[in-house]
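Below is one structure, written out as structure tokens, with a few remarks after it.
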Amino acid sequence: IMILFSYVPMYGLILAFKKFDFTLVFKSPWCGFDNFRYIFLVGDTFWRITRNTIGYYLIFTLTGTIGNVMLAIGINEFAKKRAGKVMQSCMILPTFISYIAVSFIVYAGLKGDTGLINRLIVSMGGKSINFYMEAGKWPLILVLVNLWKNIGYGSVLYLSVLTGIDQEMYEAADLDGANAWHKFVYITLPQLKPVLTYIILMCVIGTFQEFDLVYTMTNGGPGTSTYLTGLTLYKTAFSSLKMGYSCTMAVFIFILSIII
């Protein structure tokens, strides 16, 4: 299984330097760095999509980290109460909902004049908004959906660390006159650093591979405003059937992920 899913796909490294032909497959002719020249020098589409991806990565990481930590601390404060267990169960639930189902929920809220949000806007005297034609509104929408969908998983990881912190450290800090902010900065945050590093690393990998979120929500639109690298790879390979270009993008994204 490891060979099938880990080593066989590495053939894509070779395809990045070939002009892939479906009739020849493994015997496709070599083209050197022509695929790289085409992607990087012909137009700015790929650079714009890469910029989109890095931008979403930064926003997803920032909002996710702050939301996860705040939620974990909040749940930890109520850990000995029934409210904490109920809150934890409610927040982890969206993690198990597929993006297909989430996209239907979002569509029900945003579609035309019959969407729940537009009905609310109209009832307040405003004009309905065609969200699926407004490129400027989708970064915020995707950030909110991503936060709602994944905040439960991240908060559980942070919560597992918080529950293991020795309470005597906080008691000693109280005796020294430390306030809540000092205890967070000098006790809680250092204990969270290993998990924080892991989640940020996973966020880098996840954002550059992000597919379900944008494919089910907008399919990259309006225009190319929500095109991310994962969706671009898919469409280049299976819609445009340009396997060589797709593999070239994958190699570049792999190197970029390591750098970031």
Side-chain angles (χ1 to χ4, degrees), residues 1-2 5-6 53-102 105 139-214 228 230 253-254 256-260:
I1 293 178
M2 185 179 69
F5 291 102
S6 298
T53 305
I54 294 175
Y56 278 109
Y57 154 69
L58 294 175
I59 298 174
F60 285 171
T61 302
L62 180 62
T63 57
T65 300
I66 294 174
N68 288 334
V69 172
M70 291 179 62
L71 180 61
I73 292 175
I75 294 176
N76 189 52
E77 292 297 322
F78 294 98
K80 296 181 181 180
K81 301 178 182 180
R82 182 173 298 178
K85 300 297 182 182
V86 173
M87 186 184 300
Q88 184 176 351
S89 300
C90 291
M91 295 309 299
I92 197 67
L93 184 61
T95 305
F96 302 102
I97 302 176
S98 70
Y99 272 115
I100 295 294
V102 173
I105 296 173
L140 177 60
I141 295 172
L142 291 181
V143 167
L144 292 176
V145 172
N146 181 74
L147 184 62
W148 173 79
K149 179 80 165 59
N150 298 307
I151 193 172
Y153 172 75
S155 64
V156 168
L157 293 180
Y158 287 117
L159 183 61
S160 65
V161 177
L162 291 175
T163 54
I165 298 177
D166 190 352
Q167 295 302 308
E168 291 183 358
M169 297 173 67
Y170 291 105
E171 294 172 1
D174 289 331
L175 293 176
D176 291 335
N179 56 32
W181 174 251
H182 290 152
K183 286 188 286 186
F184 172 75
V185 172
Y186 296 108
I187 299 177
T188 305
L189 192 57
Q191 298 293 325
L192 292 177
K193 279 185 178 179
V195 177
L196 186 62
T197 302
Y198 166 78
I199 291 182
I200 291 177
L201 178 61
M202 291 298 101
C203 191
V204 173
I205 299 173
T207 304
F208 278 97
Q209 293 180 342
E210 189 66 71
F211 175 78
D212 296 352
L213 176 63
V214 292
L228 300 185
I253 291 168
F254 170 71
L256 186 61
S257 299
I258 294 176
I259 294 174
I260 294 179

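Values in this document were obtained by computation on a predicted structure and should not be read as measured data.
Interatomic distance, Leu147 CG to Phe60 CZ, rounded to the nearest 0.5 Å: 9.5 Å. Considering NZ of Lys149 and CD1 of Ile105, their distance stands at 10.0 Å, rounded to 0.5 Å. In this structure, CG in Asp212 is found 7.5 Å from CD1 in Ile100, a value given to the nearest 0.5 Å. Ile75 CD1 to Met70 CE: the interatomic distance, rounded to the nearest 0.5 Å, is 12.0 Å. If you take CD on Gln167 and CG on Asp174, they are separated by 10.0 Å, rounding to the nearest 0.5 Å. Distance check: Ile97 CD1 to Leu93 CG gives 5.0 Å after rounding to the nearest 0.5 Å.
Side chains of Tyr158 and Leu196 form a contact here, defined as non-hydrogen atoms less than 4.5 Å apart. Side-chain contact between Leu140 and Leu144: present, with at least one pair of heavy atoms (C-beta onward) separated by less than 4.5 Å. Asn150 is not listed as a side-chain neighbour of Thr95, based on a closest heavy-atom distance of 4.5 Å or more. With contacts defined as side-chain heavy-atom distances shorter than 4.5 Å, the pair Thr61/Tyr56 does not qualify. Using a 4.5 Å heavy-atom threshold, the side chains of Leu192 and Leu162 count as touching.
Asp176 places no side-chain N or O within 3.5 Å of a backbone atom of Ala178 that could act as its donor or acceptor partner. A donor-acceptor pair under 3.5 Å is absent between the side-chain atoms of Thr65 and the main chain of Leu62, judged by distance alone.
No more than 12 heavy atoms of other residues, nucleotides or ligands lie within 6.0 Å of OH in Tyr153, so this atom counts as exposed by the packing criterion. Summarising the local packing, CZ of Phe184 is surrounded by more than 12 heavy atoms from other residues, nucleotides or ligands at distances under 6.0 Å. Annotation: Met202, atom CE; neighbour count of heavy atoms from other residues, nucleotides and ligands within 6.0 Å is above 12.
Across Ser155 and Ala72, no two heavy atoms sit closer than the pair O-CB, 3.5 Å. Of all heavy-atom pairs between Thr188 and Ile165, the closest is CA-CD1, 4.3 Å.
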Full working for side chain to side chain contact (heavy atoms under 4.5 Å, CB included) between Met169 and Lys183: CA-CA 9 Å; Met169 297 173 67; Lys183 286 188 286 186; over 6 Å; no

